[in-house]
Amino acid sequence: MQKRRLGRTSLEIAPLVLGGNVFGWTADEKTSFAVLDRFLEGGLDTIDTADSYSRWVPGNRGGESETIIGRWMKARGNRDKVVIVTKVGSDMGQGRKDLSAAYIAKAVEDSLRRLQVDTIDLYLSHWPDPSTPYEETLEAYKRLIAQGKIRHCGASNLHAAQLRSALDIANQHGLPRYDVLQPEYNLYDRASFDGPLRDLCVAEEIGVITYYSLAMGFLSGKYRTEADLAGSVRGGGVRKYLTPRGNRILAALDAVAERHGAKPAEVALAWLIAQPGVTAPIASATSVEQVESLVRAVSLKLSGEDVAELDRSSAA
């Protein structure tokens, strides 16, 4: 499988990342192990998680996803075959988003322990923390890199002006910069990344791994009416996509999928993989069958006509 360099980092990854948000939520440990096994067997190699996954589930405290991934790597002895991305800064009980140096120093130890690793390949600031200067956060990452606890740092959920400021401060003070960005981006949700943010990432050679790549499952085509939302844990979030524009996008996905003998989700992911500035989309799976579909998405090559049709359907 053709790998892609993740921005200016030393990491080269397959062009699709497995989302670990479902581990310990809609996928129990046994299912998660089966999903992870098939993912690696399919030639893919990068797993995205966060310390806060899945704190929103009743009875969970956060760290469940990291714990399952750590147990899987330990059981399989495959740490050298996977790239681990995790995040810090979400509210884990401290009552706010927190990127202070003191908090990061504690949180990284918790993530290392749960993952059962010595080094995290890519450590991301999960959310902006307006109460902590970029310089303090990046100084903390500099120390962690020097200590060998993380290899690279990046950020999630920054807009163009915030990312520009963080890059400028890193350059001014000789600090590690955010070499990777994780934005929300998919065929429906395009406004926040298309334009200045994408342009900045391309100009600065920042790796981009997109989240909500299937719009919470909407772009799989399984949610087409209000009735389809019943019984789904994501139903409430998907409702906003049931619009005339959403229907146009699904119709275009159906048409392109039929031409290729593929599924709509595979087409939606292939569209992302083909987007300028995107290194890899993140997609989660709760079954081996869904992983098979992710693997097929990586090998699906869309024509210029396919991409143009999808772009037209998703025009605002």
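Judged purely by atom type and a 3.5 angstrom limit, Ser314 has no side-chain atom pairing as donor or acceptor with the backbone of Ile249. Of the possible donor and acceptor atoms, none in the side chain of Arg164 sits under 3.5 Å from a partner among the backbone N and O of Asp168. A donor-acceptor distance shorter than 3.5 angstrom exists from the side chain of Asn157 to the backbone of His126, with no hydrogens or angles considered. Side-chain N or O atoms of Glu136 include none that pairs as donor or acceptor with a backbone N or O of Ser100 at under 3.5 Å. Checked by atom type and distance alone, the side chain of Ser156 pairs as donor or acceptor with a backbone atom of Gln182 at under 3.5 Å.
Interatomic distance, Thr210 OG1 to Leu16 CG, rounded to the nearest 0.5 Å: 8.5 Å. A distance of 5.5 Å separates OH of Tyr134 from CG of Leu158, quoted to the nearest 0.5 Å. The line from CG of Asp91 to CZ of Arg55 is 5.0 Å long, rounded to the nearest 0.5 Å. Distance CG/Leu219 to OH/Tyr188: 10.0 Å, rounded to 0.5 Å. Atom CD1 of Ile84 sits about 14.5 Å away from atom CD1 of Ile150, to the nearest 0.5 Å. The CG atom of Leu302 sits 11.0 Å away from atom CD of Glu266, with the distance rounded to the nearest 0.5 Å.
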Discussion item. For Phe23 and Thr67: C-alpha separation, side-chain torsions, deciding distance, then whether side-chain contact (heavy atoms from CB on, under 4.5 Å) applies.
Written reply: CA-CA 9 Å; Phe23 302 149; Thr67 298; over 6 Å; no
Item to complete: Evaluate side-chain contact (heavy atoms from CB on, under 4.5 Å) for Val83 paired with Val17, printing each intermediate quantity in order.
Response: CA-CA 9 Å; Val83 174; Val17 174; over 6 Å; no
Discussion item. Please determine whether side-chain contact (heavy atoms from CB on, under 4.5 Å) holds for the pair Val267 and Leu310, giving the CA-CA distance in whole Å, both sets of side-chain angles, and the decisive distance to 0.1 Å.
Written reply: CA-CA 9 Å; Val267 173; Leu310 293 167; 3.8 Å; yes
Discussion item. Pair Ile13, Asp45 - check side-chain contact (heavy atoms from CB on, under 4.5 Å), show working.
Written reply: CA-CA 7 Å; Ile13 67 171; Asp45 58 8; 4.0 Å; yes
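Among all heavy-atom pairs drawn from Gly89 and Asp51, the shortest one is N-OD2, 4.3 Å. Across Pro264 and Ala257, no two heavy atoms sit closer than the pair N-CB, 3.9 Å. Nearest heavy-atom pair, Leu250 versus Gly221, reported as atom, atom and distance to 0.1 Å: CD2-CA, 4.1 Å. Across Ser32 and Ala27, no two heavy atoms sit closer than the pair OG-O, 3.3 Å. Smallest separation of non-hydrogen atoms from Cys153 and Tyr141: CB-CD1, 3.7 Å. Across all non-hydrogen atoms, the minimal contact from Leu18 to Ala285 is CD1-N, 4.3 Å.
Look at Arg151 and Asp179 and you find no salt bridge, because none of the NZ, NE, NH1 or NH2 atoms lies under 4.0 Å from a carboxylate O. Taking 4.0 Å as the cut-off between side-chain N and carboxylate O, Asp121 and Arg79 count as a salt-bridged pair. Using a 4.0 Å cut-off between charged side-chain N and carboxylate O, Asp254 and Arg224 make a salt bridge. Under 4.0 Å is where a charged nitrogen must lie from a carboxylate oxygen, and between Arg113 and Glu66 no such pair does.
Contact of the Arg177 side chain with the Arg8 side chain is registered, since non-hydrogen atoms from C-beta on lie closer than 4.5 Å. Residues Val288 and Glu292 meet the side-chain proximity criterion, which asks for heavy atoms closer than 4.5 Å. Looking at Tyr185 and Gln275, their side chains come closer than 4.5 Å, going by heavy atoms from C-beta outward. Side-chain contact between Arg96 and Asp129: present, with at least one pair of heavy atoms (C-beta onward) separated by less than 4.5 Å. Trp25 places none of its side-chain heavy atoms less than 4.5 Å from the side chain of Thr286. With contacts defined as side-chain heavy-atom distances shorter than 4.5 Å, the pair Phe193/Val208 qualifies. Put simply, the side chain of Arg4 reaches to within 4.5 Å of the side chain of Ile273, judged on heavy atoms. Put simply, the side chain of Lys87 reaches to within 4.5 Å of the side chain of Asp48, judged on heavy atoms.
The neighbour count for Glu226 CD, taken as heavy atoms of other residues, nucleotides or ligands under 6.0 Å away, is above 12. Applying the 6.0 Å contact sphere to OH of Tyr212 captures no more than 12 heavy atoms from other residues, nucleotides or ligands. The number of heavy-atom neighbours closer than 6.0 Å to CD of Glu258, taken from other residues, nucleotides and ligands shown, is 12 or below. With a 6.0 Å radius and a threshold of 12 heavy atoms from other residues, nucleotides or ligands, Lys106 has its NZ atom at or below the threshold.
For the residue pair His152/Ser10, the side-chain donor-acceptor check at 3.5 Å is satisfied. In this structure, a donor-acceptor pair under 3.5 Å is present between the side chains of Thr49 and Ser65. Side chains of Asp28 and Thr31: a donor on one and an acceptor on the other come within 3.5 Å. In summary, the side chains of Asp306 and Trp271 do not present any donor paired with an acceptor at a separation below 3.5 Å, with no hydrogens or angles considered. A donor-acceptor pair shorter than 3.5 Å cannot be found between the side chains of Asn60 and Tyr53.
Put simply, Ile206 and Leu11 are part of the same group of oily side chains (I, L, V, M, F, W, Y) that touch within less than 4.5 Å, one to the next. When hydrophobic clusters are built by joining Ile, Leu, Val, Met, Phe, Trp and Tyr residues whose side-chain heavy atoms come closer than 4.5 Å, directly or via intermediates, Leu167 is not grouped with Trp127.
Under the side-chain hydrogen bond (donor to acceptor under 3.5 Å, both in side chains) criterion, Asp189 pairs with Asn186, Tyr241, sequence neighbours left out.
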